[in-house]
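Everything numeric in this text was worked out from a predicted model, so none of it was measured.
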Amino acid sequence: MKSVIRVSCGILIALTFTLFEAEKTNAEYGDIVMNNYSAKAEMRPVVFPHWFHRIRFQCKVCHADLGFKFQAGGNEINMLKIIDGEYCGACHNGEIAWAIENCNLCHSAKPGTPTQVHDSTIQKLVAPTFATDKQSKQ
Amino acid sequence: MILNTKMTSFMSLMMMLCVCLSAKAAKNGQAIVKENCAPCHETGVMEAPKMGSKSDWEPRLKQGYRNMVKRAVDGYKNMPAKGGNPLLKPEEVAMAVDHMLVKAGLVETDQPTTDKKSATDKKPPTKKVEKDATKAIVKAVKKKPKKTANSFNRLMKSKSDWNPPPQEDGIHDPDNESTYMLQTPREAFSDIDKNPFGNHVDWVKALNKGLIDPRFDRLDPEKSGILMDLNIIREVKGSMPDVVYPHKQHTQWLDCSNCHPSIFIPQKGANSISMASILMGKQCGVCHGKVAFPVAECRRCHSLPKQKTDLAR
């Protein structure tokens, strides 16, 4: 019993601290980390930089023409879809932008970083930046 | 980056001391584990490798000692960064890991080895970790001016932290060589009008001045869409100015189908919009507060001053 209490205290304290850790990152507003499958496949999670792409393309190119839903992690992107020319693969095909053999340009997040929109209002109000995988799945 | 860039130089100096005195400090491995790691690692909750269990630890050690320390420092799956104690220094976390490996019978001692001959592959390369940590500390001390009691920007990003290079931004992995090939936003933005919030640039001005020219079509740079110049005024109760929703600045970036009908019914006044739902990421908050300028910029939406009579109501 005692150890159960100790464990739950430990977890609670741990969670409180991760909340404070949220202050730590300084990434660009709108950077999206995608980690539905990457960690499980032992790849670094993917960082998608909105700022970089919106200089080159209007939102509608991705969010209307290519069908990206407005939800981080909500598109179930995987490598098969990409090599078949869907999602990132519609451009990262060696014609419009560099091709997918450059794994680590996309798979560039710190290992363990959960799916998130960096610096979002919600993140600032409630959710920790370095939440564990489980928390990020809400 | 292992080290929190916000670390004060005082703490960093303390850390340097710790590195210098590590032979002495290493004795605390046990204490650090007891205070920070034991709640999970004694009991093995959430599949945490258990203290003293060789079979729990051996396969993990095989994946590399550095990797283990890194995971313990950065957090991994159900384990929070530094076991949930951000005050722990990376070296202390490494000491704790050493201690757990000793308990599991995988290394003989958690004293840092000075004897080169006894350093086998399996032995934790404590020296290397210390060296890396020292390098990082020196960098942090050099970069961060001392914070005094009267310092500003305690809870706010200072201007020098805007648009940092990827390897310093906290989500990109500085150990990934490709990270250094990515563009630094600060450089890309150098000619664009600055703004205190969001990406720290004003995208509307950048577009209208022609500083950026985002394609309307994925393939054809010449194609362009039709702009719709229709303002919708939403009256706001209370003192805040009314909201002007401009179709023009939106159709410069978006397709009608991005908003209609999934987010808004295309009929003036048909949608009930509130600040609370915007803050929670609904309605205007689908984009504002994530990619388009954030909620903090009240005046850009609340742009129509009220008539005096309105306020008197």
Using a cut-off of under 4.5 Å for heavy-atom pairs, which of [options] has the most such pairs with chain A?
options                        : answer
B:L211, B:D213, B:V291, B:L254 : B:V291
B:N176, B:D255, B:I212         : B:N176
B:A296, B:G281, B:P221, B:P294 : B:P294
B:S262, B:C287, B:G198         : B:G198
B:I263, B:V201, B:L182, B:N36  : B:L182
B:N258, B:I192, B:L219         : B:N258

Among the listed options [options], the residue most often paired with chain B at heavy-atom distances under 4.5 Å:
options                     : value
A:A64, A:C91, A:P45         : A:A64
A:F52, A:F70, A:F57         : A:F57
A:H107, A:E28, A:H63, A:H50 : A:E28

Return yes if a side-chain donor-acceptor contact under 3.5 Å exists between [X] and [Y], otherwise no.
X      : Y      : value
B:N208 : B:Q252 : yes
B:S277 : B:Q283 : yes
A:N36  : A:E76  : no
B:E297 : B:N195 : yes

Is chain B contacted by the side chain of [X], its backbone, both, or neither, given a heavy-atom distance below 4.5 Å?
X      : answer
A:I96  : side chain
A:A90  : both
A:L66  : side chain
A:N102 : neither
A:R56  : both
A:H53  : neither

Can you say whether [X] sits under 4.5 Å from chain A via the side chain, the backbone, both, or neither, judging by heavy atoms?
X      : result
B:V286 : side chain
B:N163 : both
B:S224 : neither
B:H288 : backbone
B:Y180 : neither

One thing to verify: whether [Y] and [X] come together as a salt bridge, which I'm taking to mean a side-chain N less than 4.0 angstrom from a carboxylate O.
X      : Y      : answer
B:K82  : B:D74  : no
B:R218 : A:D65  : no
B:D202 : B:R300 : yes

Validation row, ring centre B:W203 to ring centre B:F189 under 6.0 Å: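 Yes, ring centres under 6.0 Å apart.
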B:F293/B:F197 aromatic ring centres below 6.0 Å: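 That pair fails the under 6.0 Å test.
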Closest non-hydrogen atom pair, B:P166 against B:T184: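 For B:P166 versus B:T184, the nearest heavy atoms are CD-OG1, 3.8 Å.
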Minimal non-hydrogen separation, B:H172 against A:K110, with atom names: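 Closest pair (atom of B:H172, atom of A:K110, distance): O-CG, 3.7 Å.
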Full working for side-chain contact (heavy atoms from CB on, under 4.5 Å) between B:T251 and B:I226: CA-CA 8 Å; B:T251 47; B:I226 302 158; over 6 Å; no
